[in-house]
Number of protein chains: 2
Amino acid sequence: MITERKKTEREARKKLIIQSALSVFKEKGLEHATMDEIAQKADFGKATLYYYFKSKDEIFNTILFDGWQSLWEGIEEYIVQTESPRQTFIVILKKLAEMVNENRALYEFLFFAPQSLPASEGQEPGWKQFQVRLYNTLLQLIEEAMDKNEFPKMDSHLVLKALGGVFHGMIFWGADREKITENAIEIFLEKFIKTHD
Amino acid sequence: MITERKKTEREARKKLIIQSALSVFKEKGLEHATMDEIAQKADFGKATLYYYFKSKDEIFNTILFDGWQSLWEGIEEYIVQTESPRQTFIVILKKLAEMVNENRALYEFLFFAPQSLPASEGQEPGWKQFQVRLYNTLLQLIEEAMDKNEFPKMDSHLVLKALGGVFHGMIFWGADREKITENAIEIFLEKFIKTHD
DNA sequence: TTATTATTCGAATGATGGGTCGAATATTAA
DNA sequence: TTAATATTCGACCCATCATTCGAATAATAA
């Protein structure tokens, strides 16, 4: 009857494994992380990992899904109609930066891993939906901001790529001190980005 | 005595191999490109590759070096003292974009591969010097531009990360039509980036 | 206590893929 | 034509994994 505790413990062990995986990924890079090493870091035998995950693939699919989900959930509450979509846009980027700074290993993985992943399992990986939502949200904010003359007018997709690049570049380039960047992004956007032509 | 032709032919074959490697890298991603497949695409037996390159590693070190070198050389002539460092900055980004569009596979590799590479061979890889030069050049232009009120004043390293991110984002995100981006970058910078606070 | 279920892991399996060998086969020089 | 020299490659070798097995060992239920 204490199946409840069992489940919780199992869940906890899965999380432990995921943390280990993340840490190995960060050290060695996705492609050079071995199950052995992940197991070792989690204090398990390699075979035990397979008691918790069907495959290596399932491990980082889980990471991707949980990661994107929590990223989305962290952002969600900030998506509201305000008088200033530009401000909302900035607030969201700040929140994103904050989350990244909170758990570097995870989010570096989220943002870089998909690049080097083999085209994935035929189907849309589940985490894509969150990425798409985030994309669309930001896109919409940009368009609204343009309407209100809070951003210069230009192809919104391109602008998203550009401003997304700003985020990506400031947060992830260089092995710098981090932490600073939360505000740095806001400062950059305020200082550098015009409101209209 | 016709050693000259020999050398040329050998060089040509090396280039063929490199092209094949690039094409496989693009299809499968660095880590999933096999020597077999590269050989196949170049119409050679796997063993033959080793007649031209010491190792897989040497192949993409060659790519990295040649690539960065040509990138640098393509840019070099545009680095001149002008009245407008901001304009020079933009011109260089345009030229970079142009080169990338000219040979996508190569430059995607240049910009993404180092990320997923295992910390490399202990020593600074030779291509780093070109990357550093480019970095310093852009950094200096940004600082000069700030001095002349052509950019708002802010930590120049951060600004470089941000504007580098703009470039990266606009050029590499999405499997879009490309080509547009050469001008798009200029337009974005002119439209969105202030000259001073 | 005993049957049942949950965990764990050492050892084996199998596939993949980088790198090597030695024997061909061209090419060129003598 | 013959002895180098340059190229090419099929067949191996071997290390590195992901993944699976089967046998323990612990926990829980009966």
Side-chain angles (χ1 to χ4, degrees), chain A residues 1-25 27-64 113 116-121, chain B residues 1-25 27-64 113 116-121:
Chain A
M1 246 118 259
I2 323 184
T3 313
E4 206 41 52
R5 199 184 75 215
K6 279 289 167 185
K7 263 193 177 156
T8 309
E9 284 178 1
R10 185 180 169 84
E11 223 41 52
R13 274 174 235 131
K14 288 186 88 167
K15 264 181 195 139
L16 172 62
I17 291 172
I18 282 188
Q19 282 315 311
S20 311
L22 234 23
S23 123
V24 177
F25 289 158
E27 276 177 46
K28 304 293 175 72
L30 231 201
E31 312 287 349
H32 296 283
T34 70
M35 292 298 268
D36 269 306
E37 208 168 344
I38 295 172
Q40 202 180 313
K41 207 151 250 172
D43 259 308
F44 279 130
K46 177 168 49 165
T48 302
L49 297 195
Y50 288 87
Y51 183 68
Y52 292 96
F53 295 94
K54 212 185 304 303
S55 65
K56 189 183 183 185
D57 222 72
E58 186 173 292
I59 290 182
F60 58 63
N61 262 15
T62 302
I63 295 179
L64 249 12
S116 48
L117 245 60
S120 76
E121 349 80 64
Chain B
M1 245 117 260
I2 322 183
T3 313
E4 207 41 51
R5 199 184 75 215
K6 277 288 166 190
K7 262 191 178 156
T8 308
E9 284 178 0
R10 184 178 171 85
E11 222 42 50
R13 272 173 236 132
K14 288 187 88 165
K15 265 181 196 141
L16 172 62
I17 291 171
I18 283 187
Q19 283 314 313
S20 310
L22 234 23
S23 122
V24 177
F25 290 157
E27 275 177 47
K28 305 294 175 73
L30 232 200
E31 314 286 350
H32 296 283
T34 70
M35 292 298 269
D36 271 304
E37 207 169 345
I38 294 171
Q40 201 180 314
K41 207 151 250 172
D43 258 309
F44 279 129
K46 174 167 59 161
T48 303
L49 296 195
Y50 288 87
Y51 182 67
Y52 291 96
F53 294 94
K54 214 184 302 302
S55 66
K56 190 183 182 186
D57 221 73
E58 186 174 291
I59 290 182
F60 59 62
N61 261 14
T62 302
I63 295 179
L64 249 12
S116 48
L117 245 59
S120 74
E121 349 80 65

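Letters go in sequence order (proteins before strands), and every chain restarts at 1.
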For Glu9(B) and Lys54(B), find the nucleotide of DNA chain C closest to each by heavy atoms; which residue's nucleotide sits nearer the 5' end? Lys54(B)

Once you round it to whole Å, what is the distance between P of dT25(C) and CZ of Phe44(B)? 18 Å

Using 4.0 Å as the upper bound for N to carboxylate O, is an ion pair formed by Glu9(B) and Arg13(B)? yes

So does Ile59(B) get a backbone contact from the side chain of Lys14(B), meaning a donor-acceptor N/O pair under 3.5 Å? no

Residue closer to the 5' end of DNA chain D, Arg10(B) versus Ala47(B) (nearest nucleotide): Arg10(B)

Could you tell me how far apart Lys46(B) (NZ) and dT16(C) (P) are, to the nearest whole angstrom? 12 Å

Using a 4.0 Å heavy-atom cut-off across all strands, classify Ala42(B) as base, sugar-phosphate, or nothing. nothing

Rounded to whole Å, the CG-C1' distance (Leu30(A) to dC17(D)) equals 15 Å

Residue pair Phe44(B) / Leu16(B), side-chain heavy-atom distance below 4.5 Å: yes

Can you see if the side chain of Thr48(B) gets near the phosphate of dC9(D) - specifically, an N or O under 4.0 Å from OP1 or OP2? yes

Rounded to the nearest angstrom, tell me the gap between atom CD in Glu31(B) and atom P in dT16(C). 18 Å

What is the distance, rounded to the nearest whole Å, between atom CG of Leu16(A) and atom P of dT8(C)? 10 Å

Check whether more than 12 heavy atoms from other residues, nucleotides or ligands sit under 6.0 Å from atom CD of Gln40(A), and answer yes or no. no

In whole angstroms, how far is the C1' atom of dG18(C) from the NZ atom of Lys56(B)? 8 Å

Mind calculating the distance between CG (Leu49(B)) and P (dG18(C)) to the nearest angstrom? 10 Å

Whole Å only: how far is the OH atom of Tyr51(A) from the C1' atom of dC21(D)? 16 Å

Describe the nucleic acid contact of Tyr52(B) in one word from base, sugar-phosphate, nothing, applying a heavy-atom distance below 4.0 Å. sugar-phosphate

